[in-house]
2 protein chains.
Amino acid sequence: MDNSGVFTEPHAHGACGHHVLGDDCRFCSIRRLSVCSALDPDELSFLEDMSGDAAFEEKSTLFRQEDEAFSVYNITAGVVRLVRSLSDGRRQITGFALPGDFLGLALEKSWKFTAEAVTDVKACRFKRSTFDDFSEKKPHLMRRMHEFATHELSLAQDHMVLLGRLTAEEKIASFLVTMKRRWTRVEGHELGLIRLPMGRQDIADYLGLTIETVSRVINQMQRDRKLVIVPDGIRFVDADYFEHRALA
Amino acid sequence: MDNSGVFTEPHAHGACGHHVLGDDCRFCSIRRLSVCSALDPDELSFLEDMSGDAAFEEKSTLFRQEDEAFSVYNITAGVVRLVRSLSDGRRQITGFALPGDFLGLALEKSWKFTAEAVTDVKACRFKRSTFDDFSEKKPHLMRRMHEFATHELSLAQDHMVLLGRLTAEEKIASFLVTMKRRWTRVEGHELGLIRLPMGRQDIADYLGLTIETVSRVINQMQRDRKLVIVPDGIRFVDADYFEHRALA
DNA sequence: CGCCATGTTGATTTCTATCAAATTGAGTGG
DNA sequence: CCACTCAATTTGATAGAAATCAACATGGCG
C-alpha cells in the first residue's frame with residue numbers, strides 16, 4: 001500500500017557515496033537555490049564526486065522518523081512532505097520540501113521526521129559522514145548550512161503563528177500565497193498557475209485543519225471568485241484578496 | 001505602560017562590547033547548558049573579554065522584531081518570552097527562553113521576533129559583529145551554534161504538532177511536562193514545584209488558546225486531582241496522567 | 001466500463017472562543 | 001493595619017468556527 005517503492009535509508013545506503021548517475025553540479029538548475037551555492041568550482045567538483053543521484057517514486061518514503069540518517073539530500077525535482085505522526089494516527093506535516101531544499105541539516109544521528117515523496121522526486125544524495133567531514137573543513141559550507149537552518153527556524157515560527165492564531169480562511173490564503181512565492185522562486189519566473197501537487201489531506205495536515213474544511217474553504221473561495229480550481233493547482237483571480245489575508 | 005524599563009537594542013548597545021560587571025565565565029553556572037560549553041579555557045577567556053552583562057527588568061523588552069540585531073544574548077537568569085504579533089493584536093509566543101538559551105542564532109541583520117522579560121532577566125551579551133567574527137574562526141563554536149539551531153528547529157516542529165493537532169487538555173499537559181523537564185535541566189535537580197513565572201495569557205499565546213481556556217483546563221485538572229495550583233506554579237499529583245497525555 | 005481513491009457537499013455536534021461578571025491578590029497609601 | 005486599586009485570574013452563559021458523521025460526486029486507471 002504505502003510501501004510500494006519504499007526506499008529506506010539502510011538499504012538505500014549501499015549504493016551511495018560515489019557518483020551514480022553522472023549529473024553535473026555545474027549544470028544543476030537549482031544550485032543557486034541550494035546549499036551548494038556556497039561552493040567554488042573546485043569544491044563543487046569534490047562534492048560531485050561524493051554525491052549520488054537518487055530517485056523516489058510518488059508515494060514512496062525517503063526515510064522515516066527515528067531511522068538513522070546515513071544520508072543527506074538536496075532535492076532537485078519534485079515535492080516531499082515532512083511528516084510527524086502521533087501514535088493514534090493524527091498527523092502534522094511540518095513542511096513541504098521543494099527543489100533546492102536540503103534534508104539533513106540536523107546533526108543528530110536519527111531523523112526527526114518522516115519524508116514522503118508527494119510526486120516523483122529526484123535528489124542529490126550525500127553520505128552523511130562524508131558530507132559532515134567536508135563541511136567541517138569548509139566554513140563556507142557550514143555557514144551556509146547554518147543559514148539554511150536559521151531560515152528554516154524563522155519559517156517554522158511563521159508556521160506556528162499560522163497554526164496557533166489564524167482562521168481556516170487565513171491559513172488557506174497564507175498557504176496559497178506562500179506556495180506561489182516558492183514556485184516562482186524555484187521556476188525562476190511567475191506562472192499563472194499555483195501548483196498544488198499535494199492532496200487536500202496533506203494541505204489539511206499542514207494547516208492543522210480537516211480535509212473537509214480545506215475543501216470547503218477553497219471551494220467557497222472559488223464561488224466568491226477569489227480563485228479558480230484547475231488541474232494540478234489553482235489560479236488566483238483576486239490576488240489582492242490573498243495578499244491582504246495572508247500574514248506578512 | 002509596557003515601556004517601563006525598556007532597554008532596546010540601539011541604546012543598549014552603547015555600553016557593550018567590553019566587560020561590564022566582571023562575572024567570570026569559568027564560574028558560570030549555566031555554561032554546561034549554553035553554547036559556551038564548546039569552548040576551551042583560552043577561548044572562554046577571549047569570549048569573556050568581549051562580553052558584557054546585561055540585566056532587564058520584569059516586563060521590559062530586550063529587543064523588538066525588525067530591530068537591527070546589534071547584540072546576541074546568552075540568558076543566565078530569568079525567563080524571556082519570544083513573541084510574534086499580528087497587526088490586529090493577535091499574538092503567538094514561539095518560545096520561552098530559560099537560562100542557558102541563546103538568542104541570536106540567526107545570521108540575519110534583524111530580529112525575527114520580539115523578546116520580552118517575563119521575570120527579571122540577566123544575560124551575557126556579545127556584540128554581534130565580534131561574536132560572528134569569533135565563530136567564523138572557531139569551527140567548534142560555529143558547529144555548536146548550528147547544533148543549537150537544529151535542535152531549536154526540532155523543538156519548533158514538536159510545537160507545530162502541538163498547535164496543529166492537540167486538544168486544549170493535551171496542549172496544557174504537554175506544556176507542563178516540558179516545563180518540568182526544562183527546569184529540572186536548568187536547576188540540575190528535580191523540584192516538586194513546576195515553576196510557571198509566565199502568566200496565563202502568555203501560556204495561552206504559546207499554546208494557541210485563550211486565557212479562559214487555559215484557566216479552565218488547569219483548574220479542572222486541579223478539581224480532578226491531577227495537579228495542585230501553588231504560588232508561582234503548579235505541582236503534579238498524578239504524574240502518570242501527564243506523561244500519558246503529553247506527546248512524546 | 002466500473003472500481004477505488006480523492007474530493008465535495010450537507011447535517012449535526014462539539015470544542016473552544018467570546019462576552020460578561022465575579023473573585024483573588026499583590027501592591028499602595030491613608 | 002486595613003481599605004483601596006488595578007491587574008490577573010477564575011467562573012458562567014452563550015455563540016461560533018471547525019470537526020465529525022454521512023452521503024454523494026469525480027476522475028484516473030486497469
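Every chain is numbered from 1, with letters handed out A, B, ... down the list of sequences. If you're wondering where the values come from, they're calculated on a predicted model, not measured in any experiment.
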B:Lys59 NZ - C:dA26 P separation (whole Å): 13 Å

Whole angstrom value for the distance that separates P of C:dA17 from CG of B:Asp205: 11 Å

Atom-to-atom span, CD1 of A:Ile218 to C1' of C:dG7 - whole angstrom: 10 Å

Any N/O donor-acceptor pair, A:Arg216 side-chain to C:dG7 base, under 3.5 Å: no

5' priority, DNA chain D, between B:Gly199 and A:Thr167 [closest heavy atom]: B:Gly199

A:Arg185, CZ atom: more than 12 neighbouring heavy atoms under 6.0 Å: no

Worked verdict on A:Phe236 versus A:Phe242 for ring-ring contact (aromatic ring centres under 6.0 Å, His included): CA-CA 8 Å; A:Phe236 281 168; A:Phe242 287 100; 4.0 Å; yes

Whole-Å gap separating P (D:dA7) and CZ (B:Arg200): 19 Å

Spatial distance of atom OG1 (B:Thr114) from atom CZ (B:Arg81) [nearest 0.5 Å]: 10.0 Å

Phosphate OP1/OP2 of D:dA19 contacted by A:Thr213 side-chain N/O (<4.0 Å): yes

Side-chain-base donor-acceptor pair under 3.5 Å for B:Arg223 and D:dT11: no

Residue pair B:Val80 / B:Val121: nearest heavy atoms and the distance that separates them: CG2-CG2, 3.8 Å

Side-chain donor/acceptor contact of B:Glu169 with base of C:dC15 under 3.5 Å: no

C:dT16 base / A:Arg165 side chain donor-acceptor hit below 3.5 Å: no

Distance in angstrom units between B:Ile203 CD1 and D:dA8 C1', rounded: 12 Å

For atom CG of A:Leu209 and atom P of D:dT20, their distance in whole Å: 11 Å

Length of the line joining B:Ile211:CD1 and D:dT9:P, which is rounded to integer Å: 5 Å

Among D:dT10, C:dT8, D:dA19, the nucleotide that comes nearest once only the side chain of A:Thr210 is considered: D:dA19

Parallel, tilted or perpendicular, as decided by the 30° and 60° cut-offs, for the rings of A:Phe175 and A:Phe96: tilted

Spacing of A:Gln201 atom CD relative to C:dT8 atom P, expressed in whole Å: 12 Å

Short side-chain N/O contact from B:Asn219 to OP1 or OP2 of D:dT9, under 4.0 Å: no

